[in-house]
Amino acid sequence: MATLKNNPYDLLEKEKISKKLLSERVLKGLSIFDETLADLEQFPGDKKLKKEAEEIGKETLELVKEDIERIKEETHDEIEENTKKETRKVQSKKVIEKAEQVLDDLAHCRKRLKEDRQRKIESGEIQPPKKKTLVTKLRQELVKTATLIPKSLKDDTAVIQKTQKAVLNFLNELKSIWGLNKIKGIQDEIKEKFKKLEENAEAV
């Protein structure tokens, strides 16, 4: 999938903020954003859907920014706690009211997208998304393994090669246990992914 503008997860990663610290309203906004991303993954060529996803991302990003400010404030030594308490209370109320309005807008936008998608499917303008097969799901998960190598080891070609071997061995084990018969495509994609990692490591 092409890079999406206004992705709130980019900011969370940059600021090193765990989702566990986020407020319920922000988690709800992220959930709506996640659902829209899932739709976009099913219809990657839909420019309107991508634009809508970026708009939802923009609104969610604002909620995330406000939450990050709150988190930073709570974790910072507040020397003037007593004198600022009432001010923060008023500001917090305004933030919550604004966030609730944003969530309402996001939910409405999400509903409109789903209705539009359903109309297009019923009219035959687009085909309903195909359910992912077990092999497809397995391929996606195993290829992701390459991205999980710790940063400190990503330049180590030996680690990359050993990881690839472990993943391919695991795939072969599953083939035997689950009775899979079409794993060559998965093997090829895994090898290609790890090949790129090795090339990047060697270029450093």
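Tested against E52, the residues K47, K58, R112, R110 include a single salt bridge (charged side-chain N to carboxylate O under 4.0 Å, His left out) partner, R112.
A donor-acceptor pair under 3.5 Å links the side-chain atoms of E54 to the main chain of K5, judged by distance alone. The main-chain N or O of K165 is found under 3.5 Å from a side-chain atom of N169 such that the two form a donor-acceptor pair. Between the side chain of S123 and the backbone N or O of R119, at least one donor-acceptor pair lies under 3.5 Å. Listed for the S176 side chain is no donor-acceptor partner under 3.5 Å among the backbone atoms of N172. D67 places no side-chain N or O within donor-acceptor distance of the main-chain N or O of L63, the cut-off being under 3.5 Å.
Taking every heavy atom of both residues into account, G57 and P8 meet most closely at O-CD, 4.1 Å. Closest approach of K154 and I160 over heavy atoms only: O-CD1, 3.4 Å. For the residue pair L180 and L138, the shortest heavy atom distance occurs at CD1-CD2, 3.7 Å. What you find for D46 and K120 is that their closest heavy atoms are OD2-NZ, 4.2 Å. For T163 against V159, the heavy-atom pair with the smallest separation is OG1-O, 2.7 Å. Between Q187 and L171, the closest heavy-atom pair is CG-CD2, 3.5 Å.
More than 12 non-hydrogen atoms from other residues, nucleotides or ligands lie less than 6.0 angstrom from CD of E115. Taking a 6.0 Å sphere around CD of E24, one finds it holds 12 or fewer heavy atoms contributed by other residues, nucleotides or ligands. Around NZ of K193, the count of heavy atoms belonging to other residues, nucleotides or ligands within 6.0 Å does not exceed 12.
Rounded to the nearest 0.5 angstrom, N6 CG and T60 OG1 are separated by 9.5 Å. Remark: I68 CD1 to L61 CG distance equals 8.0 Å, nearest 0.5 Å. Note that CD1 of I17 and NZ of K72 are 7.0 Å apart. Values are rounded to the nearest 0.5 Å. Of the inter-residue distances, the one linking K19 atom NZ with L30 atom CG reads 5.5 Å to the nearest 0.5 angstrom. For the atom pair NZ of K191 and NZ of K196, the computed distance is 16.0 Å after rounding to the nearest 0.5 Å. Note that CG of L106 and NZ of K28 are 9.5 Å apart. Values are rounded to the nearest 0.5 Å.
A single hydrophobic cluster is not seen to contain both L148 and F194; linkage of ILVMFWY side chains at heavy-atom distances under 4.5 Å, directly or through other members, places them apart. Cluster annotation: V143 and L37 are assigned to distinct hydrophobic clusters (Ile/Leu/Val/Met/Phe/Trp/Tyr, side-chain heavy-atom contacts under 4.5 Å, transitive).
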Determine, step by step, whether D39 and K114 satisfy the salt bridge (Lys or Arg N to Asp or Glu O under 4.0 Å) criterion, reporting the C-alpha distance in whole Å, the side-chain angles of both residues, the deciding distance to 0.1 Å, and the verdict.
-> CA-CA 9 Å; D39 282 350; K114 290 175 73 173; over 6 Å; no
Might you work through the salt bridge (Lys or Arg N to Asp or Glu O under 4.0 Å) test for K14 and D10, ending with a clear yes or no?
-> CA-CA 6 Å; K14 178 182 177 183; D10 291 341; over 6 Å; no
Report the C-alpha separation of V64 and F33 in whole Å, then their side-chain angles, then the decisive distance to 0.1 Å, and conclude whether the side chain to side chain contact (heavy atoms under 4.5 Å, CB included) test is met.
-> CA-CA 12 Å; V64 170; F33 179 70; over 6 Å; no
Take F43 and R117, measure what side chain to side chain contact (heavy atoms under 4.5 Å, CB included) needs, and give me the verdict at the end.
-> CA-CA 10 Å; F43 302 96; R117 185 78 39 227; 3.4 Å; yes
Evaluation steps, side chain to side chain contact (heavy atoms under 4.5 Å, CB included), between E62 and V102 | CA-CA 9 Å; E62 290 303 312; V102 170; 5.9 Å; no
Between E189 and R139, does a salt bridge (Lys or Arg N to Asp or Glu O under 4.0 Å) hold up when you go through it step by step?
-> CA-CA 8 Å; E189 191 164 344; R139 174 184 59 77; 3.1 Å; yes
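By the 4.5 Å heavy-atom criterion applied to side chains, K195 and E192 are counted as neighbours. Counting heavy atoms from C-beta outward, C109 and E55 have side chains that stay 4.5 Å or more apart.
The salt bridge (Lys or Arg N to Asp or Glu O under 4.0 Å) test applied to E198 returns no partner, not counting sequence neighbours. Contacts of E141 classified as salt bridge (Lys or Arg N to Asp or Glu O under 4.0 Å), with partners at least two apart in sequence or in another chain: K144.
A donor-acceptor contact closer than 3.5 angstrom links the side chains of D105 and Q101.
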